[in-house]
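In what follows, every heavy atom counts, from backbone to side chain, and hydrogens, waters and symmetry copies are set aside. These numbers come from a predicted model, not from an experiment. The sequence lines fix the lettering, A, B, ..., with proteins before strands; numbering per chain opens at 1.
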Amino acid sequence: MIELSYIRRSPEEVISRLAIKNFDAKPVIDEILAIDEKRRSTQTNLDGILAQLNKASKEIGELYKAGKKAEADALKANTTQWKEDITLLEAETKKIETELHTKAVLLPNMPHSSVPNGKTPEDNEVFHTEGAIPELGENALPHWDLAKKYDIIDFELGVKISGAGFPVYKGKGAKLQRALINYFLDKAHEAGYLEIEPPILINEDSGFGTGQLPDKEGQMYFVGEDKLYLIPTAEVPITNIYRDMVVDASTLPIKNCGYTPCFRREAGSYGKDVRGLNRLHQFDKVEIVQIRMPEESYKALEEMRDYVAGLLRSLNLPFRILKLCGGDMSFASALTFDMEVYSAAQKRWLEVSSVSNFETFQSNRMKLRYKKDKDKPALAHTLNGSALALPRIVASLLENNQDDKGVRIPEVLIPYTKFDYIS
RNA sequence: GGAGAGGUGGCAGAGUGGUCGAAUGCGACAGUCUCGAAAACUGCUGUACCUUCACGGGUACCGAGGGUUCGAAUCCCUCCCUCUCCGCCA
């Protein structure tokens, strides 16, 4: 949520920056400013009457104590009207605040000044490309065929147990998953991230805090009986650890990581994008999260981006880094780098990570602040990134590393898998 | 699922319907002392919003929401959550 004070101070800037996200903010901003105006006058009004009442109450107490009952009763008579006014003004204030909140929540985060213009994924800026694209023979197989050939991932079985998009990993397939998770967690630990194993069901407040609610309500699985949502990413529980907190500046930066399964309904997805491991309802991911002071957050974003690039490099996967254009960015992000690996049999780039700086967008929703010395508490910046999402890594590993004998396991993973070939 | 207890400031923990934003302790911060530190002593220490050029002033907040009252942390109602015991269970 964009800070109201910011909107009030520079509405034109907010409008022009949101235009880069192809969001026409003018009507909403105008409404917000008008409602805010009304809110302030109503509160000033209400506070005045409350002050009168408080003062009178105190006097009545003193008069009673002094035995001046008649005078006290006379004062009491005045309060009736005030109380009526207070009731009305309180209802009014509440209504206005709800209205204001409803409007403010609709605004996406403002993009950083470096965000490229553009509407679609084609407009994203290729920031960096690295690694040789493997030359596969004519009979190279896409990963879903490889998975079947070596009996390591069973999609049909998943359909039987749950439905489409819930694969069953078996044997070396399951071990590969476990190896990747452990490898990613170990690397994150080396990079200074504290490992967290969070709940994977979250309440509504948490969903709101990181921006999934109300914007992406339909994308999360919901357990109605207990009003809990299955997490779409570990970002939600791990960032919400700090909801409603004022952390001391000396504890920053906070660097957390965590492995969780992630659940996404992916309503509306179809076609070749959803083949095999390309798009799933349940998948594994290691996430990294940072809480930073504002002046350091972009340095942290670069650090995270470089960290993820290093992971991909270590797996010998050809990858590219995209700087997302305004139109392709998420609701909450101010600047996002996407990492894509090349999957040589499908001959396409697959997104395996997304690293974002949310600036104060999430912290304002979560009321996550930091306090530096004698300064007033200020909103912290939050960042997160996938490091990494497993399925598409597995897809490209299978496809890119296939040969006549089977599928080669990257060097760095062998200590984890304890085997060097899937055959 | 059954029974009980409880939710108060960064933490611990008092609290009589009025002078309670709230005792006290710890912590944090500043000072005295010291070469320095510890100890001791002294002082200070919440957040949000409104208002003011500013100094300042005002309002709200003791789990959440209602109610009673001139006045509620304190009384009443509803809800939420946590803890303990029992049951069931990984």
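Between the C1' atom of B:rA64 and the NZ atom of A:Lys227 lies a distance of 13 Å, rounded to the nearest Å. Here B:rC50 presents its P atom at 7 Å from CG of A:Asp36, a figure rounded to the nearest Å. For the pair A:Ile96 CD1 and B:rC50 P, the interatomic distance rounds to 13 Å; values are reported in whole Å. Between the CG atom of A:Asp244 and the C1' atom of B:rG10 there is a distance of 15 Å, given to the nearest Å. The CG-C1' distance, from A:Asn203 to B:rU82, rounds to 14 Å in whole Å. Distance CD (A:Gln52) to P (B:rA60): 13 Å, rounded to an integer number of Å.
When each of B:rC70, B:rU47, B:rA60 is scored by its nearest atom to the side-chain atoms of A:Lys371, the top-ranked nucleotide is B:rU47. For A:Lys83, the side-chain atoms get nearest to B:rC70 when compared with the rest of B:rG65, B:rC70, B:rC49. Among B:rC70, B:rC49, B:rG66, the nucleotide with an atom closest to any side-chain atom of A:Gln43 is B:rC49. When the nucleotides B:rC49, B:rA48, B:rG18 are ranked by their closest atom to the side chain of A:Ser57, B:rG18 comes out on top. Across B:rA48, B:rU51, B:rG18, the shortest atom-to-atom separation from the side chain of A:Arg369 is found for B:rA48. The nucleotide whose nearest atom lies closest to any side-chain atom of A:Asp47 is, among B:rU59, B:rU51, B:rC70, B:rU59. Listed candidates were B:rC70, B:rU59, B:rU51. Nearest to the side chain of A:Ile60 is B:rC70.
Judged by distance alone, the side chain of A:Asn124 and the main-chain N or O of A:Cys325 form a donor-acceptor pair under 3.5 Å. A distance-only check finds no donor-acceptor pair linking the side chain of A:Asp226 to the backbone of A:Leu228 [under 3.5 Å]. Side-chain atoms of A:Asp154 come within 3.5 Å of backbone atoms of A:Leu157 as a donor-acceptor pair (strictly under, hydrogens ignored).
Nucleotides B:rU74 and B:rU8 are separated by 14 Å at their P atoms, to the nearest Å. Taking the P atoms as reference points, B:rG63 lies 22 Å from B:rG4, given to the whole Å.
A 3.5 Å limit on both hydrogen-bonding distances identifies B:rU32 as the Watson-Crick or G-U partner of B:rA40. When both pairing distances are held under 3.5 Å, B:rC55 makes no Watson-Crick or G-U pair with any nucleotide shown. Pairing for B:rG1 goes to B:rC86, judged as Watson-Crick or G-U wobble with the two contacts each under 3.5 Å. The pairing partner recorded for B:rG18 is B:rC70, the criterion being a Watson-Crick or G-U wobble arrangement whose two distances lie under 3.5 angstrom. The partner of B:rC81 is B:rG6, by the rule that a Watson-Crick or G-U pair needs both atom distances under 3.5 Å.
Residue A:Lys55 places none of its side-chain N or O atoms closer than 4.0 Å to OP1 or OP2 of B:rU19. Residue A:Lys376 has a polar side-chain atom (N or O) positioned under 4.0 Å from OP1 or OP2 of B:rA48. Note on A:Arg8: a side-chain N or O is less than 4.0 Å away from OP1 or OP2 of B:rC50. At B:rC50, none of the side-chain N or O atoms of A:Asn45 fall inside 4.0 Å of OP1 or OP2 (strictly under the cut-off). A sub-4.0 Å separation between OP1 or OP2 of B:rG58 and a side-chain N or O of A:Asn54 is absent. Between A:Arg39 and the phosphate of B:rC50, there is a side-chain N or O to OP1/OP2 separation shorter than 4.0 Å.
Sequence order on RNA chain B of the closest nucleotides to A:Glu62 and A:Val246 puts A:Glu62 first from the 5' end. Comparing A:Ala51 and A:Gly61 by the nucleotide of RNA chain B whose heavy atom lies nearest to each, the residue mapping closer to the 5' end is A:Gly61.
Within the 4.5 Å cutoff, the side chain of A:Asn256 has heavy atoms near those of the A:Tyr242 side chain. A heavy-atom distance below 4.5 Å is not found between the side chains of A:Val341 and A:Trp349. Within the 4.5 Å cutoff, the side chain of A:Lys371 has no heavy atoms near those of the A:Val247 side chain.
Note that A:Lys172 lies in the cation-pi zone of A:Phe419, set by a 6.0 Å cut-off to the ring centre and a 45° limit from the axis.
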